[in-house]
Engineer: 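My structure is below; once you've seen it, I'll send some questions.
In what follows, every heavy atom counts, from backbone to side chain, and hydrogens, waters and symmetry copies are set aside.
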Protein chains: 2
Amino acid sequence: MSKGTVGGGGTTMLRRINVAAVLDAVRRSAPAPLRVAELVERTGLARPTVAQAVDELLDAGWLQQHGPDSADRSLGRPAIRVSLRGRAAPVLGLDVGPHRVTVGVSDLAGRKLSLVRRSGPGWTAQELLGVIGEVINEALSEAEVPAEDIAAVVAASPGIVDEHTGRVQLVPSVPGWSAIDLIKHVRGLLDCPVMLDNDANLAALAIAAARGGTGTLLAVQWGERLGAGIVIDGRLHRGTGAAGEIGFIATDTDDVINPEDSRGPLERAVGSEAIAALGRQAALDNPQSRLAELGGEQLDTADVFAAAAERDPVAQAVVQQVARTFARALAPSVLVLDPTAVVIGGGVARAGAVLLDAISDQLRLLTLNHPKLELSALAEDAVVTGAMRMALDEVWQRKLPTPAMTSTT
Amino acid sequence: MSKGTVGGGGTTMLRRINVAAVLDAVRRSAPAPLRVAELVERTGLARPTVAQAVDELLDAGWLQQHGPDSADRSLGRPAIRVSLRGRAAPVLGLDVGPHRVTVGVSDLAGRKLSLVRRSGPGWTAQELLGVIGEVINEALSEAEVPAEDIAAVVAASPGIVDEHTGRVQLVPSVPGWSAIDLIKHVRGLLDCPVMLDNDANLAALAIAAARGGTGTLLAVQWGERLGAGIVIDGRLHRGTGAAGEIGFIATDTDDVINPEDSRGPLERAVGSEAIAALGRQAALDNPQSRLAELGGEQLDTADVFAAAAERDPVAQAVVQQVARTFARALAPSVLVLDPTAVVIGGGVARAGAVLLDAISDQLRLLTLNHPKLELSALAEDAVVTGAMRMALDEVWQRKLPTPAMTSTT
DNA sequence: GTATTTACGAACGCTCGCTATCTATACTGT
DNA sequence: ACAGTATAGATAGCGAGCGTTCGTAAATAC
């Protein structure tokens, strides 16, 4: 069973290919319904072939039939239109953090059917499993999807995830927490494939999908921790399994990778915790600054960026330092990967243009091709969205037998 | 004509698919000839289908028939065996440097038919075109392949290459030299697709193929200049077009990217020129060292590594410094890419274990997953080999309609 | 109310691959 | 030396699928 053999087969396989071609054409234009004539044009197949495939897909529940469009007042007999029946195989995305559980349900076309968040002040591992179950049920009932319809689940986990076993290294967030228990638990609730992946990877997938899917994307998740996901032409790059761990990049002053400490040098230098600490120090050194006014004793990361946005020179110096450290750490990877865009998400992304411009200025000096530098538009929902996206990809890959075909005319 | 449509079609396409499946099966086992029964087993097709496909491929010249194997003394009627007829579509690879032109001809199965090198003490652009023509003809006649049989050509060029237009930026090597002229010239000699790519990319492709094709490879070309190619699961990663330009990574003491200077900070710091300079300085500072003895006035890069291999502490210090600078520059990319292996080729690779071990020690401190660190086994032929490889990929991609197919059983 | 336009539906012919059968060839054992 | 056997190649019939062509249904325009 050497994988990767070029498939061959009889006419039944041909039928499967053509049905898949029709389904794929419908998917591409989702959510707009299509007339059969349009499908004929797009697939290059004959009308009877398409009609037969459509019948079959209608029976199987993958497509749904629409009445004639009342807005489309054209001549002749009105065409029957079909569109993807999203409910045929809805998927579920799961984002579990120590203080927040988010569950999203999406239909086949990628429409969000429901999105339920629940926050709490630190659960134990056991409680967390219970909460997850509740939130899943809530999301399902809000989406009006029975549990047994769910076709795939993807869960997000911090740390480094082994793609196949689902084993996780470096997870500090919840004591006693195990992703394997999570998978088992979810498998008990929903009878379908359950996969697990790194949260930064999933966020990257969501952002890449939102940007159109082509090119190389480096999606940075910047909060207390620092990670990145790499998406190349719509596909996640995993490397050996730990790709994108930018938090462990050495800085000019710190290059210690300690197995005891789950955080790396760059995280220690520019994580949200570190930014707040730099801000506090700067406020102490300059008590009359706007920064000190804004923050007081409990000075926060947000305060630093707020003061910098108000052109406080003390805060701006802090931002400048953070941006410089970050840009110098990231520049080598930008040179090597040469991405189309670098997108920054996570808590620190709320800093906005102040930080982005500072990074952009530094990065411009250190790279050849300057990638677009953007903030993530998806904000905190990026991870769940990416989880749903990956679950969708899984479902589609199972359903469509041929991924692509090079024209040989 | 939106690209990427899932292909569908009639029975003639089915036939094409099955013929391609048979051809692919033969290719996979090349150069070993296969019996029809084996093809039946490997493709999963019925015997008449395979037989018909084999007939067709024999007529078209893609396969050649072998007599029964005299060594295989089994019962029953001896089977006729078929194998890839490499001469069906030979390809040509071209590596053009300022002082050396290398041309290789390969058959479809990847066997080298000929490899011709010619060195000269600096040609003008006009002379170079002439020399290229001569060397191509020499390689063709040595391989006994008529020029009109060549199915694809790939030429290697230093600098950053635009994949489609063939335009090149940053080429300092030969004054008045233009890769566009090269392509025109070759198109005039050989009537087939001519492509151009970065030499580091092509070397990476060759090394990846030699290693088996899966996983992520970072292949460094380390000579006077410094570049790298990235191959992910057998496919080249180009980014926007300038991926792998590690020569421009900033060092601790130098981060200037000057459009005037075609070399980047890391090249200036650890390029072979810089290593020699460091060695000369060290020799001056320590006149009684083995390094000073070996090198004298005209101390070379090779002398530094030779002295270090003989455990000269002065030379070892130089190597240590080079390794440290290199490892610190490369570590971020290793963290982000998380490659299966890092392979070092080019002139400096001749340094051998002395340098490799030093780099390995440094890299181990700065990364999470430690990739295999190796020297390129292909030495100076890596670029031509990669050029032939890419030309082969091009030919196969044109011939095989379906690249892969996910089994849906 | 008729003509026109557009789309759906059914019948026919073609190609292709699979199953089953028959023939060809060389080795083995008595 | 001859019959037996095992393996491979060649051929005929069957079924499945696609494409082409024709007829029919349903809406709009005059």
Engineer: Rounded to the Å, how far apart are A:Ile17 CD1 and D:dG17 C1'?
Structural biologist: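 To the nearest whole Å, that distance equals 12 Å.
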
Engineer: Using the 3.5 Å cut-off, write out each protein N or O paired with an N or O of nucleotides 14-16 of chain D and the distance between them.
Structural biologist:
none

Engineer: Can B:Arg187 and B:Asp191 be counted as an ion pair, charged N to O under 4.0 angstrom?
Structural biologist: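 The answer is no: the pair does not qualify as a salt bridge.
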
Engineer: For A:Glu38 and C:dT6, what is the distance between atoms CD and P respectively, to the nearest whole Å?
Structural biologist: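 Checked: the CD to P distance equals 14 Å.
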
Engineer: Please determine whether the number of non-hydrogen atoms from other residues, nucleotides or ligands lying under 6.0 Å from atom CZ of B:Arg235 exceeds 12.
Structural biologist: no

Engineer: Rounding to a whole Å, what distance do you find between A:Leu14:CG and D:dG17:P?
Structural biologist: 9 Å

Engineer: What residues from residues 47-58 of chain B pass a heavy-atom cutoff of under 4.0 Å to DNA chain D?
Structural biologist: B:Arg47, B:Pro48

Engineer: Output the single nucleotide from C:dA7, C:dT19, D:dA8 whose closest atom is nearest the side chain of B:Ala46.
Structural biologist: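 Minimum distance to the B:Ala46 side chain belongs to C:dT19.
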
Engineer: Do the side chain of B:Glu38 and the main chain of B:Arg35 share a donor and acceptor less than 3.5 angstrom apart?
Structural biologist: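 Confirmed, B:Glu38 side chain pairs with B:Arg35 backbone.
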
Engineer: Quick one: A:Ile80 CD1 to C:dC8 C1', roughly how many Å, whole number?
Structural biologist: 7 Å

Engineer: To the nearest angstrom, how far is A:Leu34 atom CG from C:dC8 atom P?
Structural biologist: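 These atoms are roughly 12 Å apart.
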
Engineer: Measure the spacing between CE of A:Met13 and CG of A:Asn18 and express it to the nearest 0.5 Å.
Structural biologist: 11.5 Å

Engineer: Starting at the 5' end of DNA chain D, write a dot or bracket for each base, bracketing those in Watson-Crick or G-U wobble pairs whose two distances are under 3.5 Å and using | for partners on another strand.
Structural biologist: ||||||||||||||||||||||||||||||

Engineer: In whole angstroms, how far is the P atom of D:dC18 from the CZ atom of B:Arg16?
Structural biologist: 16 Å

Engineer: Does the pair A:Glu56/A:Arg15 count as a salt bridge with the N-to-O cut at 4.0 Å?
Structural biologist: yes

Engineer: Knowing that exactly one of A:Leu140, A:Val91, A:Val105 qualifies, which makes a side-chain contact (heavy atoms from CB on, under 4.5 Å) with A:Leu113?
Structural biologist: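 With A:Leu113 as partner, A:Leu140, A:Val91, A:Val105 yield a single side-chain contact (heavy atoms from CB on, under 4.5 Å), made by A:Val105.
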
Engineer: May I have the distance from B:His66 (atom NE2) to D:dA8 (atom P), rounded to whole angstrom?
Structural biologist: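 Interatomic distance, NE2 of B:His66 to P of D:dA8: 17 Å.
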
Engineer: Using a 6.0 Å cut-off, check whether atom CZ of B:Arg389 has over 12 heavy atoms from anything other than its own residue.
Structural biologist: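 Open.
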
Engineer: Knowing that exactly one of A:Asp197, A:Val395, A:Thr385 qualifies, which makes a side-chain contact (heavy atoms from CB on, under 4.5 Å) with A:Met390?
Structural biologist: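 Of A:Asp197, A:Val395, A:Thr385, side-chain contact (heavy atoms from CB on, under 4.5 Å) with A:Met390 is met by A:Asp197 alone.
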
Engineer: Got a salt bridge between B:Asp381 and B:Lys112, using NZ or NE/NH1/NH2 to carboxylate O under 4.0 Å?
Structural biologist: no

Engineer: What is the distance from atom CG of A:Leu84 to atom CG of A:Leu108, rounded to the nearest 0.5 Å?
Structural biologist: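 These two atoms lie 5.0 Å from each other.
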
Engineer: Given atom CG of A:Leu45 and atom C1' of D:dG17, what is their separation to the nearest angstrom?
Structural biologist: 12 Å

Engineer: Counting only side-chain nitrogens and oxygens, does B:Asn18 get under 4.0 Å of the OP1 or OP2 atom of C:dC16?
Structural biologist: no

Engineer: Count the heavy atoms belonging to other residues, nucleotides or ligands that lie under 6.0 Å from CD of A:Gln64, then report whether that count exceeds 12.
Structural biologist: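 Buried by this count: over 12 neighbours within 6.0 Å.
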
